[in-house]
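Data first, discussion second: the structure below is written as structure tokens.
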Protein chains: 2
Amino acid sequence: MITNRSSTRGRPRRFDPDTAVAVAERLFHARGYDAVSVSDLTDALGINPPSFYAAFGSKAGLYARVLDHWGGTGAIPLDQILREDVPVADALAALLEEAARRYAADPEAAGCLVIEGTRCNDADAREAACALNRAAEDRIHDYIAARYPASAASVADYVSTTMSGLSAKARNGHDLPRLLATARLAGGTLAQALAG
Amino acid sequence: MITNRSSTRGRPRRFDPDTAVAVAERLFHARGYDAVSVSDLTDALGINPPSFYAAFGSKAGLYARVLDHWGGTGAIPLDQILREDVPVADALAALLEEAARRYAADPEAAGCLVIEGTRCNDADAREAACALNRAAEDRIHDYIAARYPASAASVADYVSTTMSGLSAKARNGHDLPRLLATARLAGGTLAQALAG
DNA sequence: TAATTAATGTAGGGGTCACTACATAAAAGC
DNA sequence: GCTTTTATGTAGTGACCCCTACATTAATTA
């Protein structure tokens, strides 16, 4: 029993909010939060500002919806990569390679939506992105800590810093081969980093 | 015989452009290009917009002056670090450590002015920062290539990607110990990366 | 059919952005 | 002293930003 649009009274929507979130995700990913205006969004959605604000409350509100949606679409599936049945170093190396692949997959929307969002100039949007990013970093940290408690903090920092670098360089135009080579060099030091 | 203000005709300036560049450098470094308005700059300098535009032409014009000035102030002295008389891996590791130190030196102006500038939303300012960043990356590449031509491209990418990550994380609040630990983990893999 | 509910389209508000027209002030050259 | 040159202060400009007031339209409910 999913809430079926919370009673169907009133004039029906002329657009699908879920589709709108997907369109917005694309725009935010391609250009970054600050460089996408509400006009850009309403134009892309074919709606007028009042419809936009009735549905999403604010630009940052829509961005929060996009971040929620992200877990099911563009986000790296940490569940599948940070496996208990493989060496930690191998899993983290696979994580970096997967990041490289995803960040370079679409040259028009390079890098990580969330990592880039943590650096925008709107306080609300930035905090939402930071919260999501912290959650991901915590999962990486806890995954390492289960088997390497002493080096978890430093290795988790190393991995997340490398991912930030990969995202930045993807946006600076580095293509898949370059990002992948970088990710592999970074991954190659994990075994000794964990041991140290 | 330095050009002494190109003839002293006319009403004298009430501010020193070089001081203004230093003040602007501080503001751009602290908040990023996009988040600093011309009003912020004129307020900080105690001047009015016409004086600002007469002296610098535009906001991006002042930013270009800041980038020129940067080489003599905040920039990492590649000359002194990329030495011919030390192993390449050691020099690059020292470069990463020095980056960590500088990016965390001032929490109010974290990260690298130039790297952060390559990601701003103004086309002129971004291109100026990218040009300067490319020059630095080329120097790193050429330094490596002199002794390790086969791995120069990938190792240079790895080093610059790590620096981008360090700058990003510095701006996300990572302090000196964390950045330094990350830089050292990254530096530890350089010897084998060069050999590979 | 009438009342209620909700989303729409038109039009615009208040603010900030980078930037400038213009008259004035302060120096040097004649 | 008068002209020329340059920087200044006052006071804006148009463009764009995020967001909204308000009347209207289109659906359900009574």
Side-chain angles (χ1 to χ4, degrees), chain A residues 3-21 23-24 27-28 31-66 117 120-129, chain B residues 3-21 23-24 27-28 31-66 117 120-129:
Chain A
T3 314
N4 60 341
R5 297 189 59 193
S6 66
S7 95
T8 56
R9 280 281 283 267
R11 181 172 177 172
R13 279 227 171 79
R14 291 204 41 200
F15 70 101
D16 174 27
D18 290 332
T19 304
V21 168
V23 170
L27 274 175
F28 283 134
R31 300 188 211 162
Y33 183 86
D34 294 322
V36 177
S37 70
V38 172
S39 289
D40 292 331
L41 291 163
T42 54
D43 288 354
L45 297 172
I47 64 177
N48 293 306
S51 300
F52 178 91
Y53 285 96
F56 303 113
S58 68
K59 181 184 168 187
L62 171 57
Y63 186 67
R65 289 274 300 266
V66 166
C120 78
N121 284 314
D122 179 272
D124 288 346
R126 187 174 60 244
E127 187 44 49
Chain B
T3 315
N4 59 342
R5 299 190 54 193
S6 64
S7 95
T8 56
R9 279 280 282 268
R11 182 173 176 169
R13 277 228 172 79
R14 292 203 41 200
F15 70 101
D16 173 27
D18 290 333
T19 304
V21 168
V23 169
L27 275 176
F28 284 134
R31 302 188 210 161
Y33 184 86
D34 294 321
V36 177
S37 70
V38 173
S39 288
D40 293 331
L41 291 163
T42 53
D43 288 354
L45 297 173
I47 63 176
N48 293 305
S51 297
F52 178 92
Y53 285 96
F56 304 112
S58 68
K59 181 184 167 187
L62 171 56
Y63 186 67
R65 290 276 298 269
V66 166
C120 78
N121 285 313
D122 178 273
D124 288 345
R126 187 174 59 243
E127 187 43 49

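Owing to the predicted nature of the structure, the values given are computational and were not obtained by experimental measurement. Note that these values count all heavy atoms, side chains included, but never hydrogens, waters or copies made by symmetry.
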Please step through side-chain contact (heavy atoms from CB on, under 4.5 Å) for the pair B:L41 and B:F56, ending with a clear verdict.
CA-CA 12 Å; B:L41 291 163; B:F56 304 112; over 6 Å; no

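No donor-acceptor pair under 3.5 Å is formed between the side chain of B:N48 and the backbone N or O of B:P50. At distances below 3.5 Å, not a single donor-acceptor pair connects side-chain atoms of B:R65 with backbone N or O atoms of B:V21. Formation of a donor-acceptor pair under 3.5 Å by the A:S51 side chain with backbone atoms of A:I47 is not found in this model.
Between the CG atom of B:L62 and the C1' atom of C:dA18 there is a distance of 13 Å, given to the nearest Å. Between the CG atom of B:N121 and the C1' atom of C:dT16 there is a distance of 16 Å, rounded to whole Å. A straight line from CG of A:D40 to P of D:dC18 spans 8 Å, rounded to a whole angstrom. Distance B:D16 CG to D:dA7 C1': 15 Å, rounded to the nearest Å. Here the P atom of nucleotide C:dT16 and the CG atom of B:D34 are 18 Å apart, to the nearest Å. The CZ-P distance, from A:R13 to D:dA27, rounds to 15 Å in whole Å.
Residues A:Y33 and A:K59 meet the side-chain proximity criterion, which asks for heavy atoms closer than 4.5 Å. A:D40 has its side chain within reach of A:R31: a pair of non-hydrogen atoms, C-beta onward, lies under 4.5 Å apart.
For the pair B:G10 and B:Y33, both in contact range of DNA chain C, the more 5′-proximal nearest nucleotide belongs to B:Y33.
A donor N or O paired with an acceptor N or O is found under 3.5 Å between the base of D:dT4 and the side-chain atoms of B:R9.
Between A:A125 and A:A60, the shortest heavy-atom distance links the atoms N-CB, 4.4 Å.
At C:dA25, none of the side-chain N or O atoms of B:R11 fall inside 4.0 Å of OP1 or OP2 (strictly under the cut-off). Of the side-chain N and O atoms in B:R14, one or more sit less than 4.0 angstrom from OP1 or OP2 of D:dG9.
The nucleotide whose nearest atom lies closest to any side-chain atom of A:S37 is, among C:dT5, D:dC18, D:dT6, D:dC18. Checking C:dA26, D:dA27, C:dC17 against every side-chain atom of A:P12, the shortest atom distance belongs to D:dA27.
Within a heavy-atom distance below 4.0 Å of DNA chain C, the residues of residues 45-57 of chain B found are B:P49, B:P50, B:Y53.
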